[in-house]
Amino acid sequence: MPELPEVETVRRGLQPAMEGARVLTVEQRRPDLRFPFPAGFAGRLKDRTVTALGRRAKYLLMHLEDDSVLICHLGMSGSFRVEAGEDEALPGAFHHTRSKDGKHDHVIFHLSGETGPPLRVIYNDPRRFGFMLLTKAEDLDAHPLLAGLGVEPTGNALDGRLLARLLAGRRAPLKAALMDQRVVAGLGNIYACEALWRAKLSPRRTAATLAARDGGETARSARLAEAIRTVIADAIAAGGSSLRDYMQTDGTLGYFQHTFSVYDREGVPCRTAGCEGTVQRIVQGGRSTFYCPACQR
DNA sequence: ACTACTCCCTGCCAGC
DNA sequence: TGCTGGCAGGGAGTAG
């Protein structure tokens, strides 16, 4: 499910169950996901207390009391769910629709409840593009997967000036540049499309055209920075997008997908007031792009 | 330092 | 009904 808003929704869903809880055991049901699990994976987590759950871009960061950090990426199809431990009943915690039988449940964290009964946090990932790695907290920022990441679209750092600077000189189509995690960290296919629609910019435009000749801010770069920040904020507020019945950690659905203006809406009329255009699907870099050729220029 | 393309894997759905 | 091809929220690796 996971672009930034979905990962943030997962983080918020897991936080009350995990922060302050102790890892009793970890069941690792296969040797690898996208990458092999770290050597001694389960043993290195056992008996540790989870001190904090963080996020950077699309990475979930599980901080442990020994200053190690579990880096989790959900890939295309990874999800977490929380269930009652062993025979305990947990009101309201129904199962992920795609794992009623436990299929593709690859990792199960057995946790002591901080105050209440024990819990299980279960990682499910049919396509196995996700992964889990361990590092030390002091090495986190320098970790090869995190070191090159661009600006977070939450908060105030992303503005027209910074975005123009990041895109200056890039010959790639604007949409492809937005998908590059070294530019804006956490944007994926849905929110790149939606932000471009909000900013009325064509995904086919050369990225560099958003910067002034000296690399400075333009009206377009300011508009796009604003659009990115608001679409991400709106999506987080909606609990992310739930495609193909994907669920949050407690089994509820995000609802941002009902707000899509262009994503997966090929052939429907553009939502822009007064626009007569029709949403079109094109392929860029092997991924579908949805946009309105009439009002996105 | 860019860009473009392939590949990893399973599940689902439209079209035959 | 059953098969097939295409597509899916990501990104690492490689070649140019």
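Letters A, B, ... are given to chains in the order of the sequence lines, protein chains preceding strands, and every chain is numbered from 1.
- The side chain to side chain contact (heavy atoms under 4.5 Å, CB included) search around A:T272 returns A:W197, A:K200, A:C270, A:C275, A:C295, not counting sequence neighbours.
- Residue A:Y59 is in sugar-phosphate contact alone, with no base atom involved, counting any heavy-atom pair closer than 4.0 Å across all strands shown.
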* In sequence, state the C-alpha distance, the side-chain angles, and the governing distance for A:N189 and A:K175, and then conclude on side-chain hydrogen bond (donor to acceptor under 3.5 Å, both in side chains). => CA-CA 9 Å; A:N189 208 23; A:K175 158 74 163 15; 2.7 Å; yes

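- Between A:D32 and A:R34 no salt bridge is recorded (no basic side-chain N to carboxylate O distance below 4.0 Å).
- Between the C1' atom of C:dG11 and the CG atom of A:L187 lies a distance of 15 Å, rounded to the nearest Å.
- Taking the P atoms as reference points, C:dT14 lies 16 Å from B:dC9, given to the whole Å.
- Screening residues 156-166 of chain A for side chain to side chain donor-acceptor pair (under 3.5 Å) gives no qualifying pairs among residues at least two apart or on separate chains.
- Within the structure, a side-chain polar atom (N or O) of A:Y263 is placed less than 4.0 Å from OP1 or OP2 of C:dG9.
- At the phosphate of C:dG11, OP1 or OP2 sits under 4.0 Å from a side-chain N or O atom of A:H73.
- Salt-bridge check for A:R81 with A:D105: passed, with a basic side-chain N closer than 4.0 Å to an acidic carboxylate O.
- The shortest distance between the side-chain N/O atoms of A:S288 and the OP1/OP2 oxygens of C:dC7 is not below 4.0 Å.
- Closest to the side chain of A:M179, from the set C:dC7, C:dG10, C:dG9, is C:dG10.
- Checking the phosphate oxygens (OP1, OP2) of C:dG9, no side-chain nitrogen or oxygen of A:K58 falls inside 4.0 Å.
- The separation between A:I190 atom CD1 and C:dA8 atom C1' is 10 Å, rounded to whole Å.
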* Given A:K58 and A:E6, is the salt bridge (Lys or Arg N to Asp or Glu O under 4.0 Å) satisfied, shown in steps? -> CA-CA 8 Å; A:K58 302 171 191 171; A:E6 290 73 38; over 6 Å; no

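- Rounded to an integer number of Å, the gap from CD of A:E266 to C1' of B:dA14 is 14 Å.
- Atom CZ in A:R287 sits about 14 Å away from atom P in B:dT6, given to the nearest Å.
- If you take CD of A:Q181 and C1' of C:dA12, they are 12 Å apart, rounded to a whole angstrom.
- Between A:Y263 and A:F290, the ring planes are perpendicular. Angles over 60° get that label, and only those under 30° would be called parallel.
- The heavy-atom pair separating A:L187 from A:L178 by the smallest distance is CB-O, 3.6 Å.
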Distances under 3.5 Å between protein N/O atoms and the N/O atoms of nucleotides 3-5 of chain B, please, pair by pair.
unit_1	atom_1	unit_2	atom_2	d
B:dT3	OP1	A:R171	N	2.6
B:dT3	OP1	A:A172	N	2.6
B:dT3	OP2	A:R170	NH1	3.2

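- Within the nucleic acid shown, A:L33 has no heavy atom closer than 4.0 Å to any nucleic acid atom.
- Ring geometry, A:H73 versus A:Y59: the interplanar angle exceeds 60°, so the pair is classed perpendicular (tilted spans 30 to 60°).
- By the side chain to side chain contact (heavy atoms under 4.5 Å, CB included) test, A:R198 is found to be paired with A:A227, A:T230, A:V231, A:D234, A:F256, residues two or more places apart in sequence or in another chain being considered.
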What protein N or O atoms touch nucleotides 7-10 of chain B N or O atoms at under 3.5 angstrom, if any, and at what distances?
unit_1	atom_1	unit_2	atom_2	d
B:dC9	O3'	A:R128	NH2	3.2
B:dC9	O2	A:R127	NE	2.8
B:dC9	N3	A:R127	NH2	3.3
B:dT10	OP1	A:R128	NH1	3.4
B:dT10	O4'	A:P126	O	3.4
B:dT10	O3'	A:H104	NE2	3.0

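- Here C:dG9 presents its C1' atom at 5 Å from CD of A:E3, a figure rounded to the nearest Å.
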* Structure fact -> Annotated structure of DNA chain C as dot-bracket, pair cut-off 3.5 Å, Watson-Crick or G-U only, | for inter-strand, is .|||||||.|||||||

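- Between A:F41 and A:F109, the two ring planes are perpendicular [angle over 60°; tilted spans 30° to 60°].
- Among the heavy atoms of the strands, none lies under 4.0 Å from A:G286.
- Comparing B:dC5 with C:dC7, their P atoms sit 15 Å apart, to the nearest whole Å.
- Counting to the nearest Å, the P atom of C:dC7 and the CD atom of A:Q284 are 15 Å from each other.
- Taking 4.0 Å as the cut-off between side-chain N and carboxylate O, A:R223 and A:E226 do not count as a salt-bridged pair.
- If you measure from atom OH of A:Y191 to atom C1' of C:dG9, you get 9 Å, rounded to the nearest angstrom.
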* **Trace of the side-chain contact (heavy atoms from CB on, under 4.5 Å) decision for A:C72 with A:F80** => CA-CA 11 Å; A:C72 301; A:F80 280 99; 4.2 Å; yes

